[in-house]
> 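One structure, pasted below without further comment.
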Amino acid sequence: QVQLVESGGGLVQVGGSLRLSCAASGRTFSRYVMGWFRQAPGKEREFVASISWSGSLTYYADSVKGRFTISRDNAKNTVYLQMNSLKPEDTAVYYCAAATSLPLTIGQVMKTSNYDYWGQGTQVTVSS
């Protein structure tokens, strides 16, 4: 069982930055593929970014590529999402997720159904 707790959300102006953190419980964090997803009001949850067990492979949605960076620190059981050049359309609840077994292709890491554990979410609001 893995528990995920997100933090770092908040209100930021257009063009600003935020760094989200996701702290995981358990001693097998380094075995999980980790992902960030987001859900805006009235919309489906969508993929943002994902990172492999070692951190050597990363994947991004086209909408955030070049602006967001996912990283992980396995010694701290934490995954991060650095968000720069934020836009109003980035406003959403951001969720951290962990997958115990996941083929590392963009088509698979994007699917919410491939993730076994989810955090409670953290709100990010970008004001114009």
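Note that the coordinates shown come from a computational prediction; the quantities given were computed from them, not determined experimentally.
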> Name the residue from Leu81, Thr78, Val79, Thr122 that meets the side chain to side chain contact (heavy atoms under 4.5 Å, CB included) definition with Cys96.
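It is Val79; the other options fail the test.
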> Starting at OG of Ser30, measure out to CZ of Arg72 and round the result to the nearest 0.5 Å.
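Spacing of OG (Ser30) from CZ (Arg72) equals 7.0 Å.
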> How are the rings of Phe47 and Phe37 set relative to one another: parallel (under 30°), tilted (30 to 60°) or perpendicular (over 60°)?
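Phe47 and Phe37: perpendicular rings.
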> Starting from Met110, can I reach Val93 by hopping between I/L/V/M/F/W/Y residues whose side chains sit under 4.5 Å apart?
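In one cluster: yes.
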> Look at the side-chain heavy atoms of Ile, Leu, Val, Met, Phe, Trp and Tyr, link any pair under 4.5 Å apart, and say whether Val64 and Val14 land in one connected group.
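Yes, Val64 connects to Val14 through the hydrophobic network.
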> Could you report the tightest heavy-atom contact between Gly55 and Thr58, atom names first, then the distance?
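Shortest heavy-atom separation between Gly55 and Thr58 comes out as O-CG2, 4.3 Å.
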> If hydrophobic clusters are built from ILVMFWY residues whose side chains come within less than 4.5 Å, do Leu57 and Met34 share one?
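Per the 4.5 Å side-chain linkage, Leu57 and Met34 are not co-clustered.
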> Using a strict threshold of under 4.0 Å (side-chain N to carboxylate O), is an ion pair present between Lys87 and Asp90?
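Here Asp90 does not pair with Lys87 in a salt bridge, since their nearest N and O are not under 4.0 Å apart.
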> Could you walk me through whether Val109 and Leu102 pass the side chain to side chain contact (heavy atoms under 4.5 Å, CB included) check?
CA-CA 7 Å; Val109 300; Leu102 180 57; 3.9 Å; yes
> Quick one: CD on Gln123 to OG1 on Thr91, what's the gap to the nearest 0.5 Å?
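Gln123 atom CD to Thr91 atom OG1 measures 7.5 Å (nearest 0.5 Å).
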> Between Tyr95 and Val124, is there shared hydrophobic-cluster membership here, with clusters defined by ILVMFWY side-chain heavy atoms closer than 4.5 Å?
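Different clusters: Tyr95 never reaches Val124 through Ile, Leu, Val, Met, Phe, Trp or Tyr contacts under 4.5 Å.
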> How far does OG1 of Thr69 sit from CZ of Arg19, to the nearest 0.5 angstrom?
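Thr69 atom OG1 to Arg19 atom CZ measures 11.5 Å (nearest 0.5 Å).
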> Rounded to the nearest 0.5 Å, what separates atom CD1 in Ile70 from atom CG in Leu20?
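Taking CD1 in Ile70 and CG in Leu20, the distance rounds to 10.5 Å.
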> What is the distance from atom CG of Leu4 to atom OG of Ser25, rounded to the nearest 0.5 Å?
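That separation rounds to 7.0 Å.
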> Is the number of heavy atoms from other residues, nucleotides or ligands under 6.0 Å of Glu89 CD greater than 12?
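Counting neighbours around CD of Glu89, more than 12 heavy atoms of other residues, nucleotides or ligands fall under 6.0 Å, so yes.
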> Membership question, hydrophobic clusters at under 4.5 Å side-chain separation (ILVMFWY): are Trp36 and Tyr60 in the same one?
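The answer is yes; both residues are in one hydrophobic cluster.
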> Might you confirm whether atom CD of Gln3 has over 12 heavy atoms from other residues, nucleotides or ligands at distances under 6.0 Å?
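No, CD of Gln3 has 12 or fewer neighbouring heavy atoms, counting only those of other groups under 6.0 Å.
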> Looking at every heavy atom in both Glu6 and Gly121, which two are closest together, and how far apart are they?
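In this case the closest contact between Glu6 and Gly121 is OE1-N, 2.9 Å.
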> How far apart are the closest heavy atoms of Trp118 and Tyr115, and which atoms are they?
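Nearest pair, atom of Trp118 first, then Tyr115: NE1-O, 3.7 Å.
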> Is the closest side-chain heavy-atom distance between Arg67 and Met83 below 4.5 Å?
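Answer no - side chains too far apart.
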> Minimum heavy-atom separation for Ala40 to Ala92, with atom names?
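That would be N-CB, 3.8 Å.
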> What are the two closest non-hydrogen atoms of Leu86 and Leu18, and how far apart are they?
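Here Leu86 and Leu18 meet closest at CD1-N, 3.9 Å.
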> Under 4.5 Å between any side-chain heavy atoms of Thr100 and Tyr32, yes or no?
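Yes - at least one pair of side-chain heavy atoms lies under 4.5 Å apart.
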> Of all residues at least two apart in sequence or in a different chain, which pass the side chain to side chain contact (heavy atoms under 4.5 Å, CB included) check with Trp53?
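Counting only residues at least two positions away or on another chain, Trp53 forms a side chain to side chain contact (heavy atoms under 4.5 Å, CB included) with Val33, Leu104.
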> How long is the straight-line distance from CD of Gln108 back to OG of Ser113, given to the nearest 0.5 Å?
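Reported value, rounded in 0.5 Å steps: 8.0 Å.
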> Answer whether the closest heavy-atom distance between the side chains of Arg38 and Ser63 falls below 4.5 Å.
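Yes, their side chains come closer than 4.5 Å.
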> Write down the atom of Ser56, the atom of Ser52, and the distance for their closest heavy-atom approach.
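In terms of heavy atoms, the two residues are closest at N-OG, 3.4 Å.
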> For Phe29, check ring pair (Phe, Tyr, Trp, His ring centres under 6.0 Å) against everything at least two apart and list the hits.
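If we apply the ring pair (Phe, Tyr, Trp, His ring centres under 6.0 Å) test to Phe29, skipping adjacent residues, there are no hits.
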